[in-house]
**Student:** 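Take this structure first; my questions come after.
Here is the naming used below: chain letters follow the sequence lines, and residue numbers restart at 1 for every chain. What you see is a predicted model; the values in this text were computed from it and never measured.
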Amino acid sequence: MNGIDTTGLTAGPAQVWGGIRLVPLLRDTPVAGLRLHRDLRGTDGTDETDELDKAEKTEEYEGPCGGVSYVPHAFVADWSGDGGHGAAYGTRLGSGDGSADPVRIPVSPHRRPARRIRDSGRRGAGRSSRATDRLRFLPLQLALAGYLSLHFRGPSIAWDEWSRSALQRGLSPREEAAYAGTSVPGLGEALRVFEIHPRQCGVLLYTADALAAAFVVPHPDDYRALHGTLMEDLYGELVYHYAYYARPVPTFEARLGDGRNMRTLADLRAAARRAETVWRRDHDSVLAAGLLSGGYRFERVYTMDRFTLQRFLPGFVPGREQHIGELIRDHKGRTAYLKTFRLSEAQVRRGHLLDALQREEWHPERTAAALGTSVEELVRRITSAGFGALLKHGATRSRT
Amino acid sequence: MGHSGGGPAAENRSGLVAAEDLLLFVNAAITATGQREFRSGAAEQQLSLAFLHEYVQVNHRSLYAAALALDINDHNAALIVERLLRSAREATAEQKRTEGRLIAARLALLPPQRVYRLFRALRTAGVNNRRTRAVQRDWLTARPDLGLDAVKYRRGLKSAVRHVHLPVRALDAGPLKAGPLDADRTGELGDFLFRPGVRARYGHPLLDAHRRAHYEQQAVYELPFTVAQGFAARHRIPPERFLERITPRMTRLEKLRTAEATGGRTGERELSELSLTRLALYALSLPRAERAARRTVLTAALRSAARRAAGPGAGAWGRVSAVLDDSYSSYGSGVKRRRPLAVALAAHFLLEALATAYRPHWTSGLSDPLMAHPVGPTPLGTRILDALADSPDRLVIVSDGWDNAPPGLAGEVLRLWRTALDPGRATAVVHVNPVYDADGFDVRRLAPSVPTVGIRDAEDLPALVEIAQFAEGRTGPAELRAYLDRRSERFLRRYERRNPEPGEGRDGEGERA
């Protein structure tokens, strides 16, 4: 299987605000047995969500939800029980009883992230103190370095020194450029005025009609709780630039023709339904094609009960729309959780290079041969991609 | 929008333009308050509104003044009055006379704090022509008790009296009626405002209570609530004790607000005094559990308020279906909380009273209106299809005009309904919109074939449906002009019957000279 299975998810009508298009993904039934880690949801008996959220809890879906829970990557929460905050390093699946706490990176208070800004700006002081205990994202740099280092892993030959420094400082001095949602123009407003569907379990986010990110959760309540966090998510530079320069995108307005063959209200209703179907087909085949077409390499990370957590990498084909991401499948291969990050063209090329290096176990001559180039040229490319320091170490190592 | 041209051929066209401009302006003046809405910010709103006022005032001055007779909101009414007084020079003598009457009648309807604010704005702007002074003088002398105003709106009154150059002695004789007027008391209002501390005691009970309240706790409870609050804080009176004892001095709204803030309950009697839309706002402000617990009381109050609002029109609308928007955007904004939803809820009860047979269709699929809650997308098109399936005589749509599941479907459904299925207009369709769209200088429309009018209070629905026929473009500008004249006449008659002596402000200033 090299594609993303979207069985059970249907695209709802898009809502457009300026250059941002948000396409809701709806489920008729939520995925049973998988929920967000309960510590993330803050379901400790007290209900800290505001009045709106509280009333919006979808009662119809309240079912057994013990099952498996997951902790998305780089979410910050209190897992230790002693009030210390930590960021999940990579997504984890757990039993839901807290026994499978994720590996976490402690977050020291002075590095508390962007969430703060929002807390102080929102209504009421009472609630904001609550919100700081809830979900939070990592500081931009840490989250990004962590996120990408999961994919752009170093050579498979273990280098204690390198992996230590990479964990501490990311792949420094090289840095991946990404933008927090707060700095993507218009995104905050678009998310605020977006009207969440009662059955909504995900969203596809477009800037200037280029797919920027996909986000899917198993349960509508999870989505509702996390809708606002899209704002603090990270987006590729492409997304930022598209949003910055984009003019307002057109809404796909329903068109029902001239009504020549319309006799009854039932005809009108049928025409309305047809328009919806056509739109959905167009969306899946045109707008989301870059994400849904195959060509991914999946790596299994965890398996628990019926669920498998996987990471996927694209083929790193320069010049094509490429996403990296994580997803959880159930036993039938259907997507229960999905989060993607769109790579920029430069990142795709770097990925292409690293990919080749990894395949040849970082052997310069062999890699150069595989890429059909000379060692000098390869070294130049590695250096210009920002991996110079890495190469020096690796080169001496490979010759001894 | 266009500009009025000359010549006989252009006349009809310019009439049409004027009619369109006026409807646009009325929609804005009913819905816009310069505050933040769900989709546009406060600054945007004010800018957009300022442009509209400027445009209509310059191009259609008499229509601009006539808007005072319509159900526009207080914010815009004050703006119109201010602009008319500022630009007195541009008006003809005839216009001035009509404007003066309309202004006086409208000021009498405005809450006093808003009028005082308007007077202050005029003073800041340096507007002090004779007409402005006359308008203010008339309003001040018509106040029921200036002593109360002096205590409650001290700064406002002071500024107004100064601005008008009014000898305060003149005020004492008329409005300061409480208690016998003896020689001692002449001029005490002036002393109170401008020379505090000069008198050992005042004849007017409120003025005296205000003096004593500085050192005597008992006197605090003789003052109006808002004034007493300040003194209570100064005397460090515990809030519970203060609230308990001040209750008889509180106004209806103050009682309601305090009850909400302290978690107390509003009694049936208070509910029965509220207007329909305000009642709907109150009901929606309660948590849903409480709404369920007080279902009978709330429903009865809403029903009787709706019957009062419907008046003789009850049952006259035939079979009515409604599409009511309770999507997430009906939440409104932090400053206009749940206003669009409250209008929908109030309209629901009003239509129930107006119709012989009534069927509601909420966008969320809600079947229990009292539990209404802003959530979810706006599948307006589908709901309109459902409503049309009832084959009603009249379809009323209450929505902010944003239709997103899928976008534009409502407009398409309405268009095809008009062109292909019901060209004979067996069903009257009207869209009322509680939200001003700053970008469009108007309320958002659903379809060109369906008239859209702005709405602020659901009670105005019958009057707005009347205006809607002009928005549809099937009746000409002459009818609109006649309709406006009728409305103005009625509006002025109602006011002038109560105040038979025509004050100076109502005459053109030329005549007085």
**Student:** Could you tell me which portion of A:R273 (side chain, backbone, both or neither) has an atom closer than 4.5 angstrom to a non-hydrogen atom of chain B?
**Tutor:**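 Neither the backbone nor the side chain of A:R273 comes within 4.5 Å of chain B.
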**Student:** Please classify the contact of A:E189 with chain B as side chain, backbone, both or neither, using a heavy-atom distance under 4.5 Å.
**Tutor:**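 When you check distances to chain B, only side chain atoms of A:E189 fall under 4.5 Å.
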**Student:** Minimum heavy-atom separation for A:E195 to B:R39, with atom names?
**Tutor:**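 Nearest heavy atoms, A:E195 then B:R39: OE2-NH2, 4.0 Å.
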**Student:** How would you list, in number order, the residues of residues 398-417 of chain B that have a heavy atom less than 4.5 Å from chain A?
**Tutor:**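 Under the 4.5 Å heavy-atom cut-off, B:W402, B:N404, B:A405, B:P406, B:P407, B:G408, B:L409, B:E412, B:V413, B:R415, B:L416, B:W417 qualify.
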**Student:** Which atoms of A:D267 are under 4.5 Å from chain B, going by heavy atoms: the side chain, the backbone, both sets, or neither?
**Tutor:**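 For A:D267, neither part sits under 4.5 Å from chain B.
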**Student:** Is atom OH of A:Y242 surrounded by more than 12 heavy atoms (other residues, nucleotides or ligands) closer than 6.0 Å?
**Tutor:**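 Counting other residues, nucleotides and ligands, OH of A:Y242 stays at 12 neighbours or fewer.
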**Student:** Between A:R260, A:R269, A:R263, A:R255, who has the most heavy-atom pairs with chain B when the cutoff is under 4.5 Å?
**Tutor:**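 The option with the most such pairs is A:R269.
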**Student:** Less than 4.5 Å to any heavy atom of chain B: does that hold for the side chain of A:R192, its backbone, both, or neither?
**Tutor:**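 For A:R192, heavy atoms of backbone and side chain both lie under 4.5 Å from chain B.
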**Student:** Would you mind checking which part of A:W17 comes under 4.5 Å of any heavy atom in chain B, side chain (CB onward), backbone (N, CA, C, O), both or neither?
**Tutor:**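 Just its side chain gets close to chain B.
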**Student:** Check whether B:L421 gets within reach of chain A through its side chain, its backbone, both or neither, counting any heavy atom under 4.5 Å.
**Tutor:**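 Side chain of B:L421 only, per the 4.5 Å heavy-atom cut-off to chain A.
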**Student:** Show the nearest heavy-atom pair for residues B:G376 and A:P198, with the distance to one decimal.
**Tutor:**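 What the structure gives for the nearest pair is CA-CD, 4.5 Å.
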**Student:** Does B:R418, at its CZ atom, have more than 12 non-hydrogen atoms belonging to other residues, nucleotides or ligands within less than 6.0 Å?
**Tutor:**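 Correct, the count exceeds 12.
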**Student:** Which atoms of A:A14 come close to chain B, meaning under 4.5 Å heavy atom to heavy atom: side chain ones, backbone ones, both, or neither?
**Tutor:**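 A:A14 touches chain B through backbone heavy atoms alone.
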**Student:** Would you please go through residues 386-394 of chain B and name the residues with a non-hydrogen atom below 4.5 Å from one of chain A, in numerical order?
**Tutor:**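 The residues closer than 4.5 Å to chain A, in numerical order, are B:D386, B:L388, B:A389.
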**Student:** As an exercise, state the distance from CG of A:L265 to CD1 of B:I384, rounded to the nearest 0.5 Å.
**Tutor:**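 A:L265 atom CG to B:I384 atom CD1 measures 11.5 Å (nearest 0.5 Å).
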